[in-house]
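Bear in mind the structure is a predicted one, so any value in this text is a computation, not a measurement. Chain letters run A, B, ... following the sequence lines, proteins first, then strands; residues in each count from 1.
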Amino acid sequence: MLRTHNCGELRKTDAGQTVTLCGWVDKYRDHKGIVFIDLRDRYGRTQIKFNLADDSDIQKTAWQLRYEDVIQVSGEVTARPDDMANPKLPTGEIEVHAAALDVLSKSKTPPFEPDGQNLPNEELRLKHRFIDLRRQELQQAMQVRHRLTKAVRDYFDELGFLDIETPILGRSTPEGARDYLVPSRVHHGEFYALPQSPQLYKQLLMVAGFDRYFQIARCFRDEDLRADRQPEFTQIDVEMSFIERDDLIETIDGLVAAMAESARGESISLPLPRYTYHDVMERFGSDKPDMRFGMELVDIAEVAGDCDFGVFKNTIAAGGRVRGLNAKGAADKYSRRILDNDFKNLVGEYGAKGLAYFKVTDGKLDSSIAKFFGEEQQRSIIQKLGGENGDLLLFVADSDKVSSAALAALRNHLGRDLELYDPSEIQCCWIIDFPLVTWNEEEQRWDAEHHPFCSVVPEDVPLLETDPGKVRALSYDLVCNGYEAASGSIRIHDAAVQQKVFDLLNISAEEAERRFGFLLEGLRYGAPPHGGIALGLDRWVMLFCGYDNIRDVIAFPKTQRASDLLTGAPSTVDDRQLRDLQIRVVE
RNA sequence: GGGGCCGUAGCUCAAUUGGUUAGAGUACCGGACUGUCGAUCCGGGGGUUGCGGGUUCAAGUCCCGUCGGCCUCGCCA
C-alpha cells in the first residue's frame, strides 16, 4: 500500500503517529516559509504542513504543487493549537507535518476545479467527466448508488430471490419504445435489439420455475431524453410466481423501506399509501402526483355551466371540464404580467388555451372576469375552493385531458415556487386500478395502457366486450415526489383472457405469433400465475440524493442528443467494419 | 418534429441606444511573505465574442442560417 491512512480519518487521538497519505492537491496556501496543502481523496481532506526549516528539498517541491497534482506524503500527525483548528473539516483538529513528499503524478492545469464553486456549464463538465466526478455531489451520488444496489441485493437474497441475467442482444419487438439495433455480421441484413426491459425473458423465467427473480438490469430506449430520462438506464427488475397483486406490492414496500434505510438512514412507515388512478386524476390531474403537498384540484362545473363567462359556459356545454386550484395566500405574490404570460404559457404547453384567475378580496372574487359571476356564484366558487381573503384561485377550462395536464403542471410549479414542501422530503405512494386500455383517437383503436400481457381485475372481465374503457388493469405504479419510480402488473396466464385482450387491441393471432410468439409458446407449457415490477434505479438514487437530474447519479451519462461528450460516441466507424456488416451509409 | 433559454479570456461573469484599445474575479506565470484554511499583497501573459453570412460609416450587441448544451411538448407499450 502506498498509504497508511486515507484523508478523512485522522483525528486528534492519532497525534504522534507517523502516517503516509496519498491524494489530490485540493488547495495550496504558499507562505514561502510555510506551505499548507489540503490533500483530498474520496474520504475527505487533510491539511499537510511543509516547513522551510525542515528540509529544503521537500520545500522546493512543495512550492511547485498545483491543483489536482497527485502526491504521497509521509509525516507525523500533529494536533493543531486550538485557535488554529479548522471546524469546517472533520480532520480540522490535526495536520500532518510532512517529512517526505513524492509527486506521483503532475496534473495539467485543470479546465475547472472540482471544488463545487463556480460550477462550469454542463458541456464542459461532461467533456472532463473524470474531473467532474471528483466533486463531492457526484462522489456522494456514486456512494448512494452503491449502497442502494447492495441493499437491493441483500433484501432479495434474504427473501430467496435469484439474480438471473438476461440477454443484452435480443430480438426486436417493435412496439413501445424505439429499439437500439445491433447489426449481425453472420446474418446479413438482420439485427439484434438491445432490451427496452427484460420483460419477456423474466416471464419465461417464471414459466421455467424460477418463482422469485430479480435483476439489476441495464435497459435501452431510443427515444428523446429529459432531465429524468437517459437512453440507457438501470432497472431493478422483479418477477414473482404464485402471487397476487397485494403480495407484490407488500414485497416492494419492504424493498423501498430497505432502500431508504440504506441510502438515507431513514425509516419509511409501511404500508405505503395506495390511491386509485381515478382518485388521483380527479384530485391532482396526474397519475404521478407529488404527494408532498395538497392544493388539490376542485371541479366547479355546476357554477361554470351556469355563469355568464362564455369560456367556462361553453366548455361545460361541450362536455369539457372547468377545474381550479387554490394558491393559499398568493394573491399578491404574482404580478398580472406573470399570471398572464408565464402562467398562461405554462398551461399552454399542455394545450390549455387560457388561464382564468381570481384574487379573493373581502369575501369576493377580484378579477377582470369577476363581473361574469353573480354574487351567489362567487360565494359558491370561494366556498368550493376553501378560499379566504388573500388567496389566488386559478382555473383551466378545457377537455378532461388538457385541463388535467395543465393543472397538474401548474400545481407542481406552484408547490415548488410557494415552497409548500420540504424539498429534501420523500413521499411515495402506489397508484392502482389503472385503465387496461385507452382510446387512441387518431388511430381509432384501443391501446394497452401498460402492455398486452397485463392482467385484468377479475370482476371487470365481462366489461372487455361491453365497455373496454372501464376495465381496470391489475397494474400498479409506484410514485415518488411526482416521479414514476416503478411500474408493474400481474400478467395474464389464462389463454382465454389473453385472447380477449388481443381481440380488444385488434392484434390478430398471426400478428401476436409474429411479435411475441416465443412468449406465447412458453405460456402454453404450464405458466404459473405471475406478476412483477421494475423500479427505475437511477431515479431512486436521484430522489434519495435530492437531485433533480438523472445525469448527476450516472457516472458517464449522455447528453440530450444521446452523445457521450467524453468518448465522442456515437462515432463513424471504419469502412472495413461496415463491409463486414454489409452496411452502407447513405447520404 | 415543435416551443423556450443559453454560448464573450482556461473557468464564472460584465460590457449603456449599435460607438474609444472588449473589462472584473478566479485560474495560470513571475515576485514578496513562517500559521494559512476562499491565504494576502505586487506585477505579467492570456480573446476567431461557438461557427458562417447579412444590414450598417461602425456589430459581442440587430437580422438570417448553422453547430453545441440545457429545459420542455409530442414521444417514452
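Straight-line distance from the CG atom of A/L124 to the P atom of B/G10: 11 Å, rounded to whole Å. Regarding A/R178, its CZ atom lies at a distance of 10 Å from the P atom of B/G1, rounded to whole Å. Atom NE2 in A/H413 sits about 14 Å away from atom C1' in B/C71, given to the nearest Å. Atom CG of A/L346 and atom P of B/C71 are 17 Å apart (whole Å). In this structure, the CZ atom of A/R129 is 14 Å from the C1' atom of B/G69, given to the nearest Å. Distance, A/N345 CG to B/C71 P: 20 Å, rounded to whole Å. Summarising the geometry, the separation between CG on A/D548 and P on B/C71 is reported as 9 Å, rounded to the nearest angstrom. Summarising the geometry, the separation between NE2 on A/H451 and C1' on B/C76 is reported as 15 Å, rounded to the nearest angstrom.
B/G7 and B/C62: their P atoms are spaced 11 Å apart (whole Å). B/U36 and B/C41 are spaced 15 Å apart, taking the P atom of each and rounding to whole Å. When the P atom is used for both B/G4 and B/C11, the distance is 28 Å, rounded to whole Å. For the P atoms, the distance from B/A27 to B/G18 is 36 Å, rounded to whole Å. Taking atom P on both B/C63 and B/A59, the two are 16 Å apart, rounded to the nearest angstrom. Nucleotides B/G46 and B/U21 are separated by 16 Å at their C1' atoms, to the nearest Å. B/U12 and B/C6 have their C1' atoms separated by 14 Å, given to the nearest Å. Between B/U61 and B/G54, the two P atoms lie 14 Å apart (nearest whole Å).
Distances shorter than 4.0 Å separate some side-chain N or O of A/T559 from OP1 or OP2 on B/G69. Regarding contacts with the backbone of B/U12, a side-chain N or O of A/N121 is found under 4.0 angstrom from either OP1 or OP2. A/S563 has a side-chain polar atom (N or O) that falls below the 4.0 Å cut-off from OP1 or OP2 of B/G69.
Residue contacts for A/Y28: at a heavy-atom cut-off of 4.0 Å it reaches the sugar-phosphate backbone alone, with no base atom in range. Within the 4.0 angstrom heavy-atom criterion, only backbone atoms of the sugar-phosphate kind lie near A/E122; the bases stay farther away.
With a 4.5 Å cut-off on side-chain heavy atoms, A/Q444 and A/N440 do not count as touching.
Pairing of B/U26, defined by two Watson-Crick or G-U wobble distances under 3.5 Å, is identified with B/G10. B/C5 is paired with B/G69 under the criterion used here, namely a Watson-Crick or G-U wobble arrangement in which both key atom distances are under 3.5 Å. Applying the Watson-Crick and G-U wobble criteria (two distances, each under 3.5 Å), B/U16 pairs with nothing in any strand.
Taking the six-membered ring for Trp and the full ring otherwise, A/H97 and A/F50 have centroids separated by 6.0 Å or more.
With respect to A/Y192, the side-chain contact (heavy atoms from CB on, under 4.5 Å) criterion is satisfied by exactly one of A/D179, A/I168, A/L169: A/L169.
Of the candidate nucleotides B/G74, B/C11, B/C70, B/G74 has the atom lying nearest to any side-chain atom of A/R226. Of the candidate nucleotides B/C71, B/G10, B/A27, B/C71 has the atom lying nearest to any side-chain atom of A/N549.
Residues A/L126 and A/P111 each lie close to RNA chain B; by heavy-atom proximity, the contact nearer the 5' end of the strand is made by A/P111. Nearest-nucleotide assignment on RNA chain B puts the 5′-proximal partner with A/E113, out of A/E113 and A/R539.
Between A/H451 and A/F453, the ring planes are tilted. Angles from 30° to 60° get that label. Aromatic ring pairs are classed by plane angle as parallel below 30°, tilted from 30° to 60° and perpendicular above 60°; the pair A/H31 and A/F36 is perpendicular.
Both the sub-6.0 Å distance and the 45° axial angle are satisfied by A/K27 relative to the ring of A/Y67.
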For this session: Please test A/F434 against A/Y476 for ring-ring contact (aromatic ring centres under 6.0 Å, His included), starting from the C-alpha separation and ending with a verdict.
Result: CA-CA 7 Å; A/F434 279 81; A/Y476 28 81; 9.1 Å; no
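Between the CD1 atom in A/I431 and the CZ atom in A/F284 there is a gap of 8.5 Å [rounded to 0.5 Å].
Within 6.0 Å of the NZ atom in A/K470, the count of heavy atoms belonging to other residues, nucleotides or ligands does not exceed 12.
Side chain A/R125 to base B/C11: no donor-acceptor pair is found below 3.5 Å. Put simply, the side chain of A/R221 and the base of B/C76 share no donor and acceptor less than 3.5 Å apart.
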Seminar exercise, completed: Its contact letters, B for base, S for sugar-phosphate only and - for none at protein heavy atoms under 4.0 Å, make nucleotides 30-38 of chain B read --SBBBBBS
